[in-house]
Amino acid sequence: MRFLKKLVLFTILVLFAAAAVLGGRLLFNGYQIYRQVTQEVPLSEKVAEIRANPHYTALDDLPQIYKEAVVAVEDSRFYQHGGFDIISTARAFFINLREGELAEGGSTITQQLAKNMYFTQEKKFLRKAAELFVAFELERDYSKDEILELYLNTIYFGSGYYCVYDAAEGYFGKEPSQMTDYESTLLAGIPNAPSVYSLTNSPELAAMRQKTVLECLVEQDYITQAQADGILAQGEVQQAAQ
């Protein structure tokens with residue numbers, strides 16, 4: 001029995017050591033990729049390029065509930081973490097372990113912005129490691145509101161819309177500042193899976209995703225359940241009027 005316990009302990013230690021070595025190598029290689037891409041195009045140039053878009057929308061020009069909805073559903077601890085959320089990452093790790101693939105990202109808004117700025121959408125561990133270092137640089141050089149603003153101007157909303165202005169104009173025929181609470185919460189859910197929740201292709205699925213957004217808003221005390229119900233009712237009125 002004592003031998004068996006020692007064998008189990010030894011096996012666990014070996015596994016931990018192997019994980020540490022693999023993790024260290026992954027971070028080292030990811031850092032090299034980060035250095036390469038940011039030396040080719042510095043982060044400040046990428047930011048300037050995004051802000052030069054004629055349809056770039058300032059955070060102050062977006063409805064408050066839209067900003068809250070994005071944070072609530074995409075990255076609830078956005079204003080608390082430093083670009084990396086250990087809780088979301090741990091949850092994603094166990095989901096990925098169970099599925100045997102990168103089925104769950106666990107990325108923060110900052111990490112998603114880093115990906116949009118420098119990397120492809122392909123889910124690979126090495127890319128995730130490089131993305132992490134870009135996220136740390138973003139958090140060091142820019143405020144949370146600046147990061148959120150840049151994120152909303154670089155995410156894909158489906159149907160060929162690559163920023164919040166184009167999505168509001170394309171889906172609702174109005175500027176982002178004119179979106180209703182119903183439209184704001186509907187739009188906030190799309191970037192999670194643009195091809196699935198696109199209002200052009202799958203309005204029913206988008207509506208289901210919107211309910212998840214509203215649930216997150218209620219759970220995180222941005223709005224009450226009565227307000228959430230009112231937003232859905234508002235949508236019914238809008239649709240009836242069209």
Side-chain angles (χ1 to χ4, degrees), residues 57-60 62-99 102-117 121 123 128-129 131-140 142-158 163-164 167-168 176 179-194 196-197 205-232:
T57 304
L59 207 60
D60 289 342
L62 295 169
Q64 183 65 21
I65 194 170
Y66 174 70
K67 293 178 283 188
E68 293 171 346
V70 170
V71 171
V73 76
E74 292 288 341
D75 185 359
S76 63
R77 286 175 289 276
F78 173 66
Y79 284 98
Q80 283 75 51
H81 64 63
F84 175 73
D85 188 344
I86 186 64
I87 297 175
S88 294
T89 300
R91 182 182 65 245
F93 172 79
F94 285 110
I95 292 175
N96 293 334
L97 194 63
R98 183 186 65 202
E99 300 294 331
L102 273 172
E104 181 79 12
S107 295
T108 64
I109 282 174
T110 314
Q111 287 174 273
Q112 292 179 62
L113 173 60
K115 175 182 64 180
N116 293 341
M117 296 173 84
Q121 302 299 311
K123 295 181 178 180
K128 296 285 288 184
E131 165 192 299
L132 186 61
F133 289 105
V134 177
F136 289 153
E137 185 175 345
L138 280 164
E139 291 278 345
R140 184 194 69 195
Y142 298 91
S143 70
K144 286 290 188 179
D145 282 351
E146 286 177 315
I147 290 170
L148 180 60
E149 183 177 286
L150 289 164
Y151 171 70
L152 296 174
N153 281 277
T154 57
I155 49 176
Y156 184 52
F157 292 86
C163 65
V164 63
M179 290 192 298
T180 65
D181 290 352
Y182 172 77
E183 291 164 342
S184 293
T185 54
L186 187 61
L187 193 65
I190 294 175
N192 177 260
V196 176
Y197 300 126
L205 293 178
M208 291 175 62
R209 175 65 177 170
Q210 181 186 30
K211 291 181 179 178
T212 299
V213 172
L214 290 168
E215 288 171 3
C216 290
L217 284 166
V218 173
E219 288 172 2
Q220 296 170 40
D221 296 324
Y222 285 110
I223 62 175
T224 64
Q225 185 59 56
Q227 288 173 307
D229 294 339
I231 289 171
L232 290 177

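Hydrogens, waters and symmetry mates play no part in the numbers below; they use all other heavy atoms, side chains included. Computed from a predicted structure; not experimentally measured. Each residue takes its place number in the sequence, starting with 1.
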- With sequence neighbours excluded, what pairs up with Ile155 under the side-chain contact (heavy atoms from CB on, under 4.5 Å) test? Asn116, Tyr151, Leu152, Phe157, Pro191
- Judged by atom type as modelled, is there a donor-acceptor pair below 3.5 Å linking the side chain of Lys67 to the main-chain atoms of Leu59? yes
- Minimum-distance pair of heavy atoms, taken over all atoms of Ala188 and Ala69: CB-CB, 3.6 Å
- Drop me the distance from Glu131's CD to Ser107's OG, to the nearest 0.5 angstrom. 4.5 Å
Which side-chain N or O atoms in residues 210-219 pair as donor and acceptor under 3.5 Å with protein atoms at least two apart or in another chain?
residue	atom	partner	partner atom	Å
Gln210	NE2	Tyr182	O	2.9
Gln210	NE2	Thr185	OG1	2.9

- Note on the structure: Residues passing the side-chain contact (heavy atoms from CB on, under 4.5 Å) test with Asp229, sequence neighbours excluded, are Gln225
- What do the steps show when you test Leu186 against Glu183 for side-chain contact (heavy atoms from CB on, under 4.5 Å), and what is the final call? CA-CA 5 Å; Leu186 187 61; Glu183 291 164 342; 5.5 Å; no
- Message: Checking Thr224 now: which residues fulfil side-chain contact (heavy atoms from CB on, under 4.5 Å) with it, not counting sequence neighbours?
- Response: Ala226, Gln227
- Do Glu139 and Thr110 have a side chain donor and acceptor closer than 3.5 Å? yes
- What are the two closest heavy atoms between Glu149 and Thr57, and how far apart are they? CG-O, 3.7 Å
- Message: Using only atom types and a distance under 3.5 Å, with no angle test, would you say the side chain of Gln220 pairs donor to acceptor with the backbone of Ala72?
- Response: yes
- Heavy-atom closest pair (Gly83 atom, Lys144 atom, distance to 0.1 Å) is N-NZ, 4.3 Å
- Note on the structure: In terms of heavy-atom contacts, Pro63 and Met179 come closest through CG-O, 3.9 Å
- Message: As a quick check of understanding, evaluate side-chain contact (heavy atoms from CB on, under 4.5 Å) for Leu150 and Met117, giving each step before the final call.
- Response: CA-CA 10 Å; Leu150 289 164; Met117 296 173 84; 5.5 Å; no
- Item | Partner residues of Ala207 under the side-chain contact (heavy atoms from CB on, under 4.5 Å) criterion, sequence neighbours left out | none
- Report the residues that fulfil ring-ring contact (aromatic ring centres under 6.0 Å, His included) with Tyr156, sequence neighbours left out, ordered by chain and then residue number. Tyr162
- Identify the heavy atoms of Ile65 and Ile231 that sit nearest to each other, and give their distance. CD1-CD1, 3.6 Å
